[in-house]
Amino acid sequence: MNADDAIDWDDAYSNFAHIADGYAYPAKWLSLAGQFREEMNSKGLLKADLAYGAHARNRLDLFMPHGDLNGLAVFVHGGYWMEDFDKSAWSHLAKGALAHGFAVALPSYVLCPEVRVSDVTVQVGLAITRAASEIAGPIHLTGHSAGGHLVARMVTSTSPLAQAIRQRIRKTVPISPLCDLRPLMRTEMNKTLHLDAVEARLESPALLEPQEGIDVTAWAGAAERPEFVRQNALLANIWSGFDCRVDAVEEPGRNHANIIEGLVEPDHPLTRRLLCL
């Protein structure tokens, strides 16, 4: 028997089922995000629904800080490239970076199975390019889960970003990233993702060369599913052999749902690491 036959891959990548009140988080995120969007919009600090493509989901929100502008932070949401999340569920995560004078872009993207994972990669590249055209200065990238995969892909040698944009990227923090997509081919969700061996390899950051000179911190919760802890460490382990700066953090007590909450706090270690403070 192959060792993989003994692994329940669906369970390995099931997050909410293993978190106390896990299924309550999406409603909580929507509420917090909605309140924050209203507040920022009332202050004239929200540029909503900026288009970066023709599809209705090719839109991003850009939150502007008070006072001086120090650069651009981008947060890319997760949901296994297929779950019905969009930018409107994550607005509150801009708070930490905004407090330090960074504009924050949060894009939506077209989901699988309407597109493939490789198409989502291209969309995120277009979204970052659009946001970068609005905001000068350094770019700091972060994303959660599938979003962590997507920001890691942006700093690989096969990134869809133009070199001029890549050179502006100062820091990348994939949060709970999916760095090797091959195990997902063994899950039920692959009926939606349609990953095959070729695409899984070409879209797995851990199997690609990083852009020379990048600065990456892979960040996960110590209380996450073992597969996410493994994948987080995998990226730092493999990329440490290249000409770049890379490390991994396992934040104590954090799981796959609450790991992103650090981005709300200006002085949380996650926010500070993202912004190189």
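Just so it is clear, the values below take in all heavy atoms, side chains as well, and ignore hydrogens, waters and symmetry mates. Values in this document were obtained by computation on a predicted structure and should not be read as measured data.
Less than 6.0 angstrom separates the ring centroid of Tyr109 from the ring centroid of His77.
Annotation for Met185 and Asp196: closest pair SD-C, 3.3 Å, computed over non-hydrogen atoms.
If you take OG1 on Thr121 and CD on Glu203, they are separated by 3.5 Å, rounding to the nearest 0.5 Å. Note that CD1 of Ile165 is 8.0 Å distant from OG of Ser133, once rounded to the nearest 0.5 Å. Here the straight-line distance linking atom NE2 of His100 with atom CG of Asp267 works out to 5.0 Å at 0.5 Å rounding. Taking CG of Leu207 as the start and CG of Asp180 as the end, the distance is 5.0 Å to the nearest 0.5 Å. Between the CZ atom of Phe102 and the CD1 atom of Ile139 there is a distance of 11.0 Å, given to the nearest 0.5 Å.
Ser176 and Glu224 share a donor-acceptor pair across their side chains, judged by distance under 3.5 Å alone. With no hydrogens or angles considered, a side-chain donor-acceptor pair links Ser31 and Gln35 at under 3.5 Å.
Side chain of Asn232 to backbone of Trp219: a donor-acceptor contact under 3.5 angstrom is found.
Taking the six-membered ring for Trp and thresholds of 30 and 60 degrees, His149 and Trp81 have ring planes more than 60 degrees apart, a perpendicular arrangement.
For the ring pair (Phe, Tyr, Trp, His ring centres under 6.0 Å) condition, no pair includes a residue of residues 177-218, sequence neighbours left out.
Shown are Glu227, Arg225, Arg186; of these, the side-chain contact (heavy atoms from CB on, under 4.5 Å) with Tyr13 is made only by Glu227.
With sequence neighbours left out, the side-chain hydrogen bond (donor to acceptor under 3.5 Å, both in side chains) criterion links Tyr25 to no other residue.
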